[in-house]
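See structure below.
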Amino acid sequence: MTLSGSTLPQVSSGGSVNGTYHIVTTDGAGPIEALVDESATGKWSTAKSASVTTQVPGTDGNIAAPTKRGLVMRTLVKLGLVAKRAENVNEDYPFAVEIPSGTSCTGTINGESGLCLVKISNNNTNGPFGGVFAVQMSNSTTKARAKRVTKFTS
C-alpha cells in the first residue's frame, strides 16, 4: 500500500496487475504461475488460474547465479562430487498477471471490500516459492488502472 498511495492495487475483470518479484536464491526463480481467489479467503483449490503476461526468468524454478562460479566448481557439481546449493541472486524482476475475464472480487478483509487474493509461485521441488497479495475491484464498469504491487521476495 505504501507504493500505491495507501490503497490496494485496483484491478478490473480482464485487466492486469504488475509488480516486482525479488529472487533471493537460485531456486526461487521462474517461471511463475498465478491463481486468483475471488473470495479472498485463501481457498486455492477453487481459485481461477490466471495468465502471467510478464514472466520471471528461470527454468523449473531455477536461475543461474549472477556471480562468477568457476569452471572447476561447475564440473564438480555436474559430476556429483559436490552438492549443488542454492546461491545468492538478490535481483528484482518485473511480473504482470492478467485478471481473468468474468472475475468478481467478493472478499472483505479489515473492512475493505471487493477484494481478491492473487497467488504467484514457481514450480520448484524445493518450494514452491512466491507470495500472495490482495487486489481490489471497484464496482464501476470502467476499467481500473493497473497499479504496481509491493515487492515479493522469493
- Message: Among Val17, Thr53, Val11, exactly one meets side-chain contact (heavy atoms from CB on, under 4.5 Å) together with Glu98. Which residue is that?
- Response: Thr53

- Message: Applying disulfide bond (SG atoms under 2.5 Å apart) as the test, list every pair that has at least one member in residues 96-126; sequence neighbours left out.
- Response: Cys105-Cys116

- side-chain hydrogen bond (donor to acceptor under 3.5 Å, both in side chains) partners of Asn90, counting only residues at least two apart: His22

- First locate atom OG1 of Thr54, then atom CG of Asn18, and finally report the distance between them rounded to the nearest 0.5 Å. 7.5 Å

- In this structure, CG of Asn122 is separated from CG of Asp27 (nearest 0.5 Å) by 8.0 Å

- Message: Filter on salt bridge (charged side-chain N to carboxylate O under 4.0 Å, His left out), then keep only pairs touching residues 113-130, sequence neighbours left out; what's left?
- Response: none

- Item | For Val56 against Phe95, the heavy-atom pair lying closest together | CG2-CB, 4.1 Å

- Task: Scan residues 8-26 for pairs that pass salt bridge (charged side-chain N to carboxylate O under 4.0 Å, His left out), counting only residues two or more places apart or in two chains.
- Result: none

- Query: At what distance, to the nearest 0.5 angstrom, does CG of Asn110 lie from CG of Leu115?
  - Reply: 9.5 Å

- Message: If you compare all heavy atoms of Ala29 against all heavy atoms of Pro57, which two are closest, and at what distance to 0.1 Å?
- Response: CB-O, 3.4 Å

- Is atom CG of Asp60 surrounded by more than 12 heavy atoms (other residues, nucleotides or ligands) closer than 6.0 Å? no

- Task: Output the distance between atom CD1 (Ile120) and atom CZ (Phe133), rounded to the nearest 0.5 Å.
- Result: 5.5 Å

- Message: Between Ser13 (side chain only) and Gly102 (backbone N and O only), is there a donor and an acceptor less than 3.5 Å apart?
- Response: yes

Name each donor-acceptor pair under 3.5 Å that joins a side chain in residues 30-39 to protein atoms two or more places apart or in another chain, with its distance.
from: Asp37; atom 1: OD1; to: Ser39; atom 2: N; distance (Å): 3.1
from: Asp37; atom 1: OD1; to: Ser39; atom 2: OG; distance (Å): 2.8
from: Asp37; atom 1: OD2; to: Ala40; atom 2: N; distance (Å): 3.4
from: Asp37; atom 1: OD2; to: Thr41; atom 2: N; distance (Å): 2.7
from: Asp37; atom 1: OD2; to: Gly42; atom 2: N; distance (Å): 2.6
from: Asp37; atom 1: OD2; to: Lys43; atom 2: N; distance (Å): 3.4
from: Glu38; atom 1: OE2; to: Ser104; atom 2: N; distance (Å): 2.7
from: Ser39; atom 1: OG; to: Thr41; atom 2: OG1; distance (Å): 2.7

- Can you name the side-chain hydrogen bond (donor to acceptor under 3.5 Å, both in side chains) partners of Asn123, sequence neighbours left out? none

